[in-house]
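Beneath this line is the structure, given in structure tokens, with notes to follow.
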Amino acid sequence: MANEDADRDRRLPADREEPVGEPVVRADPAVTGERAQEAVGFDPDDPESVAEAAETVRAFSENTVGAADNVYMLRGAAACAALVRGVGSYKEAVERAGGDVSVSFVRKWARVHDLPQAIRRHVARGDIAPTAAKHIARVSGVDRFDLAWAVVDADLTVRQVRRIASEIDGETTAAAALAARGIELGRIELSLPLDVYRELRRRASIENREPGDLVAEALESHFADTSY
């Protein structure tokens with residue numbers, strides 16, 4: 001089982017793979033609509049862009065009004081990540097930003113920017129609150145995905161996410177912490193075209209199998225042949 005988990009960890013991208021500061025999610029109209037045109041990227045190798053990131057981080061730390069705006073929060077997270085890369089350390093990032101910006105603040109939001117794209121897209125869509133994403137970012141590997149999908153499927157509160165994230169360590173997985181609360185991962189409701197649904201039911205009956213087993217088998221084959 002341990003080997004299977006290790007293999008799965010290697011297959012899943014646990015952190016972002018795009019360049020730091022690049023607004024991949026924020027610039028996607030399918031996610032942010034017309035606001036995609038407003039997406040701002042930050043280049044940690046460009047002094048002017050780093051200066052802009054510093055200004056953005058300070059404004060971000062002082063503007064609590066934007067807390068309900070997920071896209072705004074992701075922009076602030078991007079600025080934190082780019083600023084840290086650009087100046088080389090959290091301490092220097094805090095000094096460049098000025099104001100009441102703290103190391104803890106920059107570190108937490110930079111980690112949110114480093115979350116896998118699949119999770120950040122749900123943050124941008126409003127399915128995962130940015131404050132919940134901060135706690136998801138505290139864990140690593142497949143636990144990040146398991147906790148994120150639990151937020152989406154089980155409608156976890158930010159307080160619940162924080163407590164679960166605190167329990168996850170080398171011995172307790174996200175799945176185990178969720179199971180202890182009666183939250184079962186792996187259950188999802190799907191809507192299928194009628195002809196596909198009809199054929200799925202027919203084949204499952206003939207093969208004496210559950211429909212979910214056939215769907216899982218088909219998806220495993222599909223995922224093995226594709227990558228993102």
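What you see below is based on every heavy atom in this structure, not just the backbone, and it leaves out hydrogens, waters and symmetry mates. From a predicted model like this one, the values you see are computed outputs, not experimental measurements.
Of the inter-residue distances, the one linking Leu178 atom CG with Asp153 atom CG reads 10.5 Å to the nearest 0.5 angstrom. Atom CG of Asp213 is separated from atom CG of Asn208 by 11.5 Å, given to the nearest 0.5 angstrom. Annotation: the span from Leu214 atom CG to Glu199 atom CD amounts to 10.0 Å, rounded to 0.5 Å. One distance of note links CD1 of Ile128 with NZ of Lys134; it measures 15.0 Å at 0.5 Å rounding. Distance check: Ser102 OG to Tyr90 OH gives 12.0 Å after rounding to the nearest 0.5 Å. One finds the OG1 atom of Thr56 at 4.5 Å from the CZ atom of Arg75 (value rounded to the nearest 0.5 Å).
Arg26 and Ala78 get closest at one heavy-atom pair: NH2-CB, 3.4 Å. For the pair Gly76 and Phe60, the tightest heavy-atom approach, listed with the atom from each and the gap, is CA-CD2, 3.6 Å.
Contact check on Arg181 versus Glu167 returns a salt bridge, with a Lys/Arg side-chain nitrogen under 4.0 Å from an Asp/Glu carboxylate oxygen. Ion pairing between Arg120 and Asp114 fails under the 4.0 Å rule for side-chain N and carboxylate O. Look at Arg121 and Asp28 and you find a salt bridge, because one of the NZ, NE, NH1 or NH2 atoms lies within 4.0 Å of a carboxylate O, short of that distance. Ion pair Glu55/Arg58 not flagged as a salt bridge, since none of the NZ, NE, NH1 or NH2 atoms sits closer than 4.0 Å to an Asp/Glu carboxylate oxygen.
Residue-environment remark: CG (Asp100) stays at or below the threshold of 12 foreign heavy atoms within 6.0 Å. Residue-environment remark: CG (Asp225) exceeds the threshold of 12 foreign heavy atoms within 6.0 Å.
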* Kindly determine whether Val57 and Trp109 satisfy side-chain contact (heavy atoms from CB on, under 4.5 Å), including the steps that lead there. => CA-CA 10 Å; Val57 169; Trp109 287 107; over 6 Å; no
- Query: Could you go step by step and tell me if Ile164 and Ile168 meet the side-chain contact (heavy atoms from CB on, under 4.5 Å) rule?
  - Reply: CA-CA 7 Å; Ile164 293 172; Ile168 298 172; 4.2 Å; yes
Residues Ser166, Arg138; criterion side chain to side chain donor-acceptor pair (under 3.5 Å); working and verdict = CA-CA 8 Å; Ser166 298; Arg138 289 164 50 196; 2.9 Å; yes
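Hydrophobic clustering (ILVMFWY, side-chain heavy atoms < 4.5 Å, transitive): Ile206 and Val215 are in distinct clusters. Hydrophobic clustering (ILVMFWY, side-chain heavy atoms < 4.5 Å, transitive): Val158 and Leu156 are in distinct clusters.
Of the possible polar contacts, none joining the Ser205 side chain to the Arg201 backbone as a donor-acceptor pair under 3.5 Å is found.
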